[in-house]
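Since the structure comes first, as structure tokens, the remarks are kept for the end.
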2 protein chains.
Amino acid sequence: MNIGLASTRSGVSQRMIRHYERIGLVPPPARRDSGYRDYDERDVHRLRFIANARDLGFSVAEIATLLGLWEDRERASAEVKHLALEHIEALDEKIAKLQAMRATLNELAERCHGDERPDCPILSELANAAPSTDAELR
Amino acid sequence: MNIGLASTRSGVSQRMIRHYERIGLVPPPARRDSGYRDYDERDVHRLRFIANARDLGFSVAEIATLLGLWEDRERASAEVKHLALEHIEALDEKIAKLQAMRATLNELAERCHGDERPDCPILSELANAAPSTDAELR
DNA sequence: CCTTGACTCTAACATGATGTCAAGGTCCAT
DNA sequence: ATGGACCTTGACATCATGTTAGAGTCAAGG
């Protein structure tokens with residue numbers, strides 16, 4: 001099947017299918033005489049796997065590992081679970097960071113009148129908070 | 001003062017200071033005869049403002065607006081607050097997305113034995129979930 | 001005065017994941 | 001055989017940031 005159909009069926013854009021091929025995440029598919037890429041069900045299945053993993057926020061590097069594990073029927077599920085737990089931790093960190101931002105901003109917004117008056121704690125806080133503090137947050 | 005000191009004092013890397021200058025987020029500083037950039041307190045203050053806004057997750061475009069509001073002593077605080085509230089909404093969306101990922105992944109991980117056996121719901125789910133579903137999640 | 005080390009300059013390339021556009025070839029149904 | 005839908009590669013764009021390289025500058029100490 002053509003790349004367009006493989007894209008529709010897998011949920012991976014044509015652009016990204018070609019990209020994954022180029023970076024070696026997926027094997028180069030068969031080619032027709034015309035040069036058109038020719039995908040089979042197995043290829044689409046693999047692409048769908050990738051799309052799902054991406055939707056869970058795994059990076060390409062992690063997906064490469066997951067694909068390897070997926071294709072190795074002998075691997076211990078512990079390995080997979082370990083990767084998943086690590087990724088959950090990473091997600092937790094990102095969530096915590098965003099929540100901290102939200103809390104700070106929300107607190108500032110609550111202290112801002114939000115009317116015609118020009119004074120605003122949001123701006124004055126942005127203008128005055130110490131750089132060292134910020135560095136720590138980063 | 002030199003860019004190195006301005007960087008330390010503001011918490012913005014030298015790379016990003018030059019970048020912000022190039023994209024017009026900050027005005028070009030004075031130059032010495034040698035060509036070295038020469039910053040004053042006002043410049044550092046502005047950079048610190050930018051660093052703080054970035055730490056709260058504002059994009060460069062949003063920061064440009066905030067800087068404009070900051071430098072306009074007549075503006076209504078309502079404008080600033082509106083921007084902040086919009087940004088809080090954006091943060092909430094990101095947080096919700098990450099939390100959904102986390103929940104899915106956590107549920108899969110809990111159903112994975114995590115031992116020597118090869119069967120693992122994490123991989124089988126990645127392999128089988130429908131692409132349409134994923135598209136919706138995106 | 002000269003050397004040395006720390007600092008600065010610009011420009012370019014890299015990251016990660018993705019989009020878009022352009023110029024050209026292919027496929028198929030009418 | 002023609003038109004429209006599809007495919008090919010390549011290049012440029014995004015966003016914020018890092019890194020590196022080659023070259024110039026500054027200041028302090030011998």
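Numbers restart at 1 for each chain; the letters A, B, ... are given by sequence-line order, proteins then strands.
Rounded to a whole Å, the CG atom of A/L5 is 16 Å from the P atom of C/dC27. Going from atom CG of A/L25 over to atom P of C/dG16 covers 13 Å, rounded to whole Å. Following rounding to the nearest Å, A/E21 (CD) and D/dT8 (P) show an atom-to-atom distance of 9 Å. If you take CD of B/Q14 and P of C/dC9, they are 7 Å apart, rounded to a whole angstrom. Atom CD1 of B/I3 is separated from atom C1' of D/dT25 by 15 Å (rounded to the nearest Å). Atoms CZ (A/R22) and P (D/dA11) sit 9 Å apart, rounded to a whole Å. In this structure, B/H19 places its NE2 atom 18 Å from P of C/dA14, rounding to the nearest Å. If you take OH of B/Y20 and P of D/dG18, they are 9 Å apart, rounded to a whole angstrom.
An OP1 or OP2 oxygen of C/dG16 is reached within less than 4.0 angstrom by no side-chain nitrogen or oxygen of A/S59. Look at A/R18 and you'll find a side-chain N or O under 4.0 angstrom from OP1 or OP2 of D/dT8. A sub-4.0 Å separation between OP1 or OP2 of C/dT8 and a side-chain N or O of B/R37 is absent. At least one side-chain nitrogen or oxygen of A/S34 sits closer than 4.0 Å to the OP1 or OP2 atom of C/dC27. For C/dG25, the OP1/OP2 oxygens have no side-chain nitrogen or oxygen of A/R32 closer than 4.0 Å.
Side-chain atoms of B/F58 and B/T65, non-hydrogen and from C-beta on, never get closer than 4.5 Å to each other. Between B/L25 and B/V60 the shortest side-chain heavy-atom distance falls below 4.5 Å.
Nearest heavy atom pair, residue B/R75 against residue A/C120, reads NH2-CB, 3.8 Å.
In this structure, of C/dG19, D/dA16, D/dT9, it is C/dG19 that holds the atom nearest to the side chain of A/M16.
Note: B/H45 and B/W70 have perpendicular aromatic rings, judged against thresholds of 30 and 60 degrees for the angle between ring planes.
Across all strands shown, C/dA29 forms a Watson-Crick or G-U wobble pair with D/dT2, both key distances being under 3.5 Å.
Counted within 6.0 Å of CZ on B/R22, heavy atoms from surrounding residues, nucleotides or ligands total 12 or fewer; the atom is thus considered open.
For the pair A/R15 and A/Y39, nearest-nucleotide mapping onto DNA chain D gives the more 5' position to A/Y39.
On a pure distance criterion of 3.5 Å, a polar donor-acceptor pair joins the side chain of A/Y36 and the base of D/dC6.
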